[in-house]
S.K.: 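Right, I'll just put the structure down here and ask away after.
Chain letters run A, B, ... following the sequence lines, proteins first and then strands; every chain starts at 1.
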2 protein chains.
Amino acid sequence: MFFLKDLPTRQMLQRYGACYPGMNTEAVAAALNLLRRGSLLMRELEAYFTAHALSQTRFLVLIVIDREPDREGLLASEIADRLDVSRPVVTDTVKALAAAGLLDSVPAVEDGRAKRITLTARGQAVLADLLPGYFAIIGAFMARTDGPGA
Amino acid sequence: MFFLKDLPTRQMLQRYGACYPGMNTEAVAAALNLLRRGSLLMRELEAYFTAHALSQTRFLVLIVIDREPDREGLLASEIADRLDVSRPVVTDTVKALAAAGLLDSVPAVEDGRAKRITLTARGQAVLADLLPGYFAIIGAFMARTDGPGA
DNA sequence: GCTTATTGATTAGCATCCTAACTAATGGAG
DNA sequence: CTCCATTAGTTAGGATGCTAATCAATAAGC
């Protein structure tokens with residue numbers, strides 16, 4: 001998360017640019033906007049998930065499993081591959097979601113080390129319940145911040 | 001941080017949109033791009049700071065103090081105001097930066113509760129050292145991802 | 001002037017991320 | 001077949017964020 005509330009003005013950046021000749025003022029201004037906007041949206045989404053006893057990461061775990069319905073569930077390592085989080089995070093997240101009844105985790109028959117992780121009916125229902133609000137928050141945020149002030 | 005590596009295609013979003021009538025497909029696609037790009041840049045910047053014994057947040061603390069040279073340092077609560085992090089985070093961050101010799105923290109004369117936090121000469125030097133690399137990472141990232149594929 | 005509310009900062013406890021090290025199962029080389 | 005490298009998953013320990021509760025100093029009410 002990028003926590004700076006008031007981004008430097010173009011003027012301030014140009015002053016920096018004078019000191020650091022290689023710097024692309026426009027690119028930096030755009031990047032700081034990207035970071036700040038992304039962080040603000042992230043905060044809103046995290047609050048939404050927290051209010052529903054989830055988190056961004058837990059939600060994304062549900063999503064990536066739901067996204068491949070032809071597969072008979074995913075392995076933990078496959079989830080980690082699709083999600084740019086470390087394996088231990090997948091272990092903990094899956095454990096929490098299974099405890100909440102949203103995922104099932106059964107040993108894989110073809111590989112004694114692996115586990116097949118699937119959505120339960122309840123997991124699918126929770127996902128379907130959350131998506132409209134998720135899209136609504138995103139839509140409202142973009143409408144609010146996509147203008148000239150952004 | 002937004003961890004989903006492969007964003008949903010427009011086609012997948014449109015299928016979702018069919019199920020959830022209120023959804024603005026274009027806005028959602030743009031928002032997911034915003035989140036993912038922001039997270040990728042954040043990762044690069046965090047790696048840069050980690051390699052220099054700092055973190056994004058510690059760096060921003062240095063920045064906000066440096067940004068107001070006319071003030072005789074900032075109070076911890078003023079740092080928290082400018083930085084959208086909780087007070088305890090400021091307490092810990094300032095403590096760590098002071099231990100590293102980058103900040104000074106002296107009791108405020110006009111208010112027995114408060115502390116005036118200033119950059120040391122070393123803190124200013126570290127900041128000046130880090131900025132060129134920071135801007136370079138941002139510039140490279142934007143050049144790489146700002147194109148049509150982004 | 002004394003009591004109470006507010007404010008600056010910290011502490012305590014929790015959540016979630018990471019890397020490094022570990023266990024257990026698989027699979028390939030000889 | 002046996003040994004060893006690889007792979008799946010977990011555990012352990014550390015960093016960093018949060019909220020709620022606490023302590024101390026200031027400010028405000030009567």
S.K.: Specify whether A:Y20 and A:Y16 have parallel, tilted or perpendicular ring planes, treating 30° as the upper limit for parallel and 60° as the lower limit for perpendicular.
M.R.: parallel
S.K.: How many Å lie between CG on A:L97 and C1' on C:dA15, as a whole number?
M.R.: 14 Å
S.K.: Check whether any side-chain nitrogen or oxygen of B:K95 sits under 4.0 Å from OP1 or OP2 of C:dT11, and answer yes or no.
M.R.: yes
S.K.: Nearest heavy atom decides the nucleotide; on that basis, is A:V89 or A:G112 closer to the 5' end of DNA chain C?
M.R.: A:V89
S.K.: If you assign each of B:L54 and A:I117 to its closest nucleotide in DNA chain D, which residue comes earlier from the 5' end?
M.R.: A:I117
S.K.: Could you tell me how far apart B:Q56 (CD) and C:dC18 (C1') are, to the nearest whole angstrom?
M.R.: 16 Å
S.K.: Identify which nucleotide among C:dT19, C:dT10, D:dG9 has an atom closest to any side-chain atom of A:K115, counting heavy atoms from C-beta outward.
M.R.: D:dG9
S.K.: Does a side-chain N-to-carboxylate-O contact under 4.0 Å join A:D6 and B:R67?
M.R.: no
S.K.: Figure out the CG/P separation between B:L74 and C:dG8, and round it to whole Å.
M.R.: 13 Å
S.K.: Give one of base, sugar-phosphate or nothing for A:V85, where a contact means two heavy atoms less than 4.0 Å apart.
M.R.: sugar-phosphate
S.K.: Please determine whether any donor N or O and acceptor N or O are separated by less than 3.5 Å between the side chain of A:R113 and the base of C:dT26.
M.R.: no
S.K.: Can you see if the side chain of B:R87 gets near the phosphate of C:dT10 - specifically, an N or O under 4.0 Å from OP1 or OP2?
M.R.: no
S.K.: Any side-chain N or O of A:S86 below 4.0 angstrom from OP1/OP2 of C:dC18?
M.R.: yes
S.K.: Give the rounded distance in Å between these two atoms: CG of A:L83 and P of D:dG9.
M.R.: 14 Å
S.K.: Is there side-chain contact between B:I65 and B:V61, with at least one heavy-atom pair below 4.5 Å?
M.R.: yes
S.K.: What's the CG-C1' distance between A:D92 and D:dA12, to the nearest Å?
M.R.: 11 Å
S.K.: Between P on D:dT19 and CG on B:D84, what's the gap in Å once rounded to a whole number?
M.R.: 10 Å
S.K.: Thinking salt bridges, do B:E110 and B:R116 make one under a 4.0 Å N-O criterion?
M.R.: yes
S.K.: Take the protein atom CG of B:D111 and the nucleotide atom C1' of D:dC23, then report the distance between them rounded to whole Å.
M.R.: 14 Å
S.K.: Here's a test of your reading of the structure: between A:S55 and B:A76, which maps to the more 5' nucleotide of DNA chain C?
M.R.: B:A76
S.K.: CD1 of A:I63 to CG of A:L127: how many Å apart, nearest 0.5 Å?
M.R.: 4.5 Å
S.K.: For B:R116, report the nucleic acid contact type (base, sugar-phosphate, nothing); a contact means any heavy atom under 4.0 Å.
M.R.: nothing
S.K.: Mapping A:T91 and A:R43 to their closest nucleotides on DNA chain D, which lands nearer the 5' end?
M.R.: A:T91
S.K.: B:S77 near the nucleic acid: base, sugar-phosphate alone, or nothing, with a heavy-atom cut-off under 4.0 Å?
M.R.: sugar-phosphate
S.K.: In whole angstroms, how far is the C1' atom of C:dC18 from the CE atom of B:M1?
M.R.: 11 Å
